[in-house]
Chemist: 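Dropping the structure in here first, questions after.
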There are 2 protein chains.
Amino acid sequence: MARTQGSHSDITGPRIRKAALGLFARHGYAAVSMRQIAAEVGVQAGALYNYTPDKQSLLFHLMHEHMQELLSAYGELTQPENAFEALHQFVRFHIRFHLERPDEVFIAYMELRNLTPENFSEIEALRRKYEDALEAILRKGQGAALFDIADTKVATLAVIAMLNGVMTWYRAGGRLSLDEVEQNYWDMVRRSVSA
Amino acid sequence: MARTQGSHSDITGPRIRKAALGLFARHGYAAVSMRQIAAEVGVQAGALYNYTPDKQSLLFHLMHEHMQELLSAYGELTQPENAFEALHQFVRFHIRFHLERPDEVFIAYMELRNLTPENFSEIEALRRKYEDALEAILRKGQGAALFDIADTKVATLAVIAMLNGVMTWYRAGGRLSLDEVEQNYWDMVRRSVSA
DNA sequence: CTTCTATTTGAACATACGTTCAGATACTGT
DNA sequence: ACAGTATCTGAACGTATGTTCAAATAGAAG
């Protein structure tokens, strides 16, 4: 056999990335074989190499694309002048964006150690950019006496860590609606930094 | 060759667990081979099977031991009557205990998905116990009007997530002392739940 | 209908994996 | 000194891994 009926790179390509995303998220990069990914797509392992030079690149591109989307989606928001409102927007954006992409988020955090050093640096730089956006808000609010924060760097990481926690338990259709979850976290974040 | 000079299970056993702990934390369970663990101990792979029936049990026992120690260490503390002080004690305990065991903590969170379903349930139950201890404090403080919390379950997970964030960046000898870190996080946690 | 290109197969490669076990050596108690 | 036990080696097992590639078929273009 050889080329199969209906095969097209516009279809197979995305299907490979989607299958890899799901499998990496569920079982971890190291525990997933190229043959498993291929099987989920309905193709032989060799065919994957028309779409990625190797397994590492497949992981890297998934993570890179996710971080790019995160930054560009946040960048498209118009930043309120008021730091308080900017923080509120950040909290809402972060929760919503991340809850919409559980697999991507999971991978972007859990599989960092499976990146080659160069790839790791690149992803890390993007994550740093995002953190810096939050820190800028906290600094600004601190300057305007809206916030009372001992250490903005610590506060930045603490806020992001708290918000990321929502991923471990929230499921659509659960006890709380998304709006309620947002409200809950905003209440806590707001009070944790407010003057 | 066969038995080597100075070999003793009291020495080799702990060394195997220590090597496995470090390697699992650094590279991930699935990415670490029994031969790598053996090499770090200075032994052949077959020798490991005098100490563990298989790789899965090795992982499980590391996680189980960690969770048991966490619960027993926390259980030994005398609980203040005042919920405010109890929360303060929890925050200090959590930060200190976790920063002393970065590898164990990392594994206990990252490698959950590599446990068999039965092993997973057991570890999950222990983690739940720990979370319940914090939730009990929050409920109590809520009842005494010390706290103002919309949802104690969400607050419990949010506080733990925030505190866990410290593991991703704190290094001894860094910019902040452990006392300062504790103070920073306590300030934020306290305000996030206070009435 | 023919030619060219896109896409996949299927087999093969060298290497690595977790695990088992008989045999060999070191320690322990008498 | 000897017997019994604890510990490790080294080889082997079947299977799985990431990756490569010539050959084969499907679709697109003229």
Side-chain angles (χ1 to χ4, degrees), chain A residues 1-24 26-63 107 111 113-119, chain B residues 1-21 23-24 26-63 107 111 113-116 118-119:
Chain A
M1 299 223 211
R3 180 169 185 175
T4 54
Q5 291 195 14
S7 62
H8 221 297
S9 61
D10 296 342
I11 296 174
T12 307
R15 289 226 291 159
I16 288 174
R17 285 186 285 275
K18 188 173 182 175
L21 186 73
L23 288 170
F24 287 166
R26 196 154 36 255
H27 307 295
Y29 172 77
V32 171
S33 72
M34 295 299 269
R35 283 172 179 82
Q36 285 177 56
I37 298 171
E40 182 131 323
V41 176
V43 95
Q44 295 300 314
L48 302 184
Y49 291 85
N50 291 326
Y51 301 91
T52 182
D54 48 39
K55 194 186 176 190
Q56 166 73 206
S57 298
L58 187 49
L59 173 63
F60 173 68
H61 280 120
L62 288 174
M63 294 177 68
I107 288 175
E111 305 299 351
R113 61 181 167 191
N114 286 311
L115 292 174
T116 61
E118 310 82 45
N119 287 343
Chain B
M1 298 222 213
R3 181 169 185 177
T4 54
Q5 292 195 14
S7 62
H8 220 298
S9 61
D10 295 342
I11 295 174
T12 307
R15 289 224 290 159
I16 288 174
R17 285 186 285 276
K18 188 171 182 176
L21 186 74
L23 288 170
F24 287 166
R26 196 153 35 254
H27 307 294
Y29 172 78
V32 171
S33 71
M34 295 300 266
R35 283 172 179 82
Q36 285 177 56
I37 298 171
E40 183 132 323
V41 176
V43 97
Q44 295 300 314
L48 302 183
Y49 291 85
N50 291 326
Y51 301 91
T52 182
D54 48 39
K55 194 186 177 190
Q56 166 74 204
S57 297
L58 186 51
L59 173 63
F60 173 68
H61 282 119
L62 288 174
M63 295 178 66
I107 288 176
E111 303 300 350
R113 62 181 166 190
N114 286 310
L115 292 173
T116 61
E118 311 83 44
N119 287 343

Chemist: What's the CD1-C1' distance between A:I16 and C:dT8, to the nearest Å?
Modeler: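 That distance rounds to 11 Å.
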
Chemist: Under 3.5 Å, side chain of A:H27 to main-chain N/O of A:L23, donor-acceptor pair present?
Modeler: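 Between the backbone of A:L23 and the side chain of A:H27 there is no qualifying donor-acceptor contact (under 3.5 Å).
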
Chemist: State which of C:dC17, C:dG23, C:dG18 makes the closest approach to the side chain of B:Q36.
Modeler: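 Nucleotide nearest to B:Q36's side chain: C:dC17.
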
Chemist: Nearest heavy atom decides the nucleotide; on that basis, is B:P53 or B:H8 closer to the 5' end of DNA chain C?
Modeler: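 The residue closer to the strand's 5' end, by nearest nucleotide, is B:P53.
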
Chemist: Hey, does the side chain of B:S33 reach the backbone of B:Q36 with a donor-acceptor pair shorter than 3.5 angstrom?
Modeler: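 Yes.
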
Chemist: In this structure, how many angstroms lie between the C1' atom of D:dG10 and the OH atom of B:Y49, rounded?
Modeler: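 Result: 15 Å.
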
Chemist: Which residue lies toward the 5' end of DNA chain C, B:S33 or B:G6, if each is placed at its nearest nucleotide?
Modeler: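 Residue closer to the 5' terminus by nearest nucleotide: B:S33.
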
Chemist: Check whether any side-chain N or O of B:S7 sits under 3.5 Å from a backbone N or O of B:T4 as a donor-acceptor pair, and report yes or no.
Modeler: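 Answer holds: yes.
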
Chemist: Round to a whole Å and report the spacing from CD of B:Q44 to C1' of D:dA12.
Modeler: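 Atom-to-atom, B:Q44 to D:dA12, this comes out as 14 Å.
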
Chemist: In this structure, how many angstroms lie between the P atom of C:dC17 and the CG atom of B:D54, rounded?
Modeler: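 Roughly 17 Å, once rounded to whole Å.
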
Chemist: Expressed as a whole number of angstroms, how long is the span from A:K55:NZ to C:dT15:P?
Modeler: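 Rounded to the whole Å, the gap is 19 Å.
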
Chemist: May I ask you to verify if any side-chain N or O of A:S7 is less than 4.0 angstrom from the OP1 or OP2 atom of D:dG27?
Modeler: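 Checking D:dG27 against A:S7, no side-chain N or O comes under 4.0 Å of OP1 or OP2.
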
Chemist: Return the value, rounded to whole Å, for the distance between atom CG of B:N50 and atom P of D:dT5.
Modeler: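 Rounded to the whole Å, the gap is 16 Å.
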
Chemist: Side-chain donor or acceptor of A:R3 under 3.5 Å from a matching atom on the base of D:dA24?
Modeler: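 Absent.
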
Chemist: NE2 of A:H27 versus P of D:dT17: gap in Å, rounded?
Modeler: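 Taking NE2 of A:H27 and P of D:dT17, I get 12 Å after rounding.
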
Chemist: Kindly say if A:Y51 contacts the phosphate of C:dT8, meaning a side-chain N or O under 4.0 Å from OP1 or OP2.
Modeler: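 Looking at the OP1 and OP2 atoms of C:dT8, one of them is under 4.0 Å from a side-chain N or O of A:Y51.
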
Chemist: Kindly say whether B:P53 contributes a backbone atom to a donor-acceptor pair with the side chain of B:S57 at under 3.5 angstrom?
Modeler: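 It does not hold such a pair.
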
Chemist: Just report the end-to-end axis angle for the helix from C:dC1-D:dG30 to C:dT30-D:dA1, five pairs per end, to 10 degrees.
Modeler: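 Both end axes considered, the difference amounts to 20°.
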
Chemist: Taking all non-hydrogen atoms of both residues into account, name the closest pair between B:R26 and A:R113 and its distance.
Modeler: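 Shortest heavy-atom contact: O-CD, 3.6 Å.
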
Chemist: So, is B:S9 close to the D:dA6 phosphate, meaning a side-chain N or O under 4.0 Å from OP1 or OP2?
Modeler: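 Checking B:S9 against D:dA6: no side-chain N or O falls below 4.0 Å of OP1 or OP2.
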
Chemist: Pick out which of A:K18, A:R15, A:R17 makes a side-chain contact (heavy atoms from CB on, under 4.5 Å) with A:V41.
Modeler: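 It is A:R15, the one option of A:K18, A:R15, A:R17 that forms the side-chain contact (heavy atoms from CB on, under 4.5 Å) with A:V41.
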
Chemist: Given 3.5 Å as the limit, does a donor-acceptor pair link the side chain of B:Y29 with the main chain of B:Q56, or not?
Modeler: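 A pair under 3.5 Å: yes.
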
Chemist: Looking at C:dG23, C:dT8, D:dT17, which one has an atom nearest to any side-chain atom of B:A2?
Modeler: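 It is C:dG23.
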
Chemist: Assuming nearest nucleotide by heavy-atom distance, tell me which of A:V32 and A:A47 is located more 5' along DNA chain D.
Modeler: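 Of the two residues, A:V32 wins.
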
Chemist: Measure from CD on A:Q5 to P on C:dT7 and round the result to the nearest Å.
Modeler: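 The answer, rounded to whole Å, is 16 Å.
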
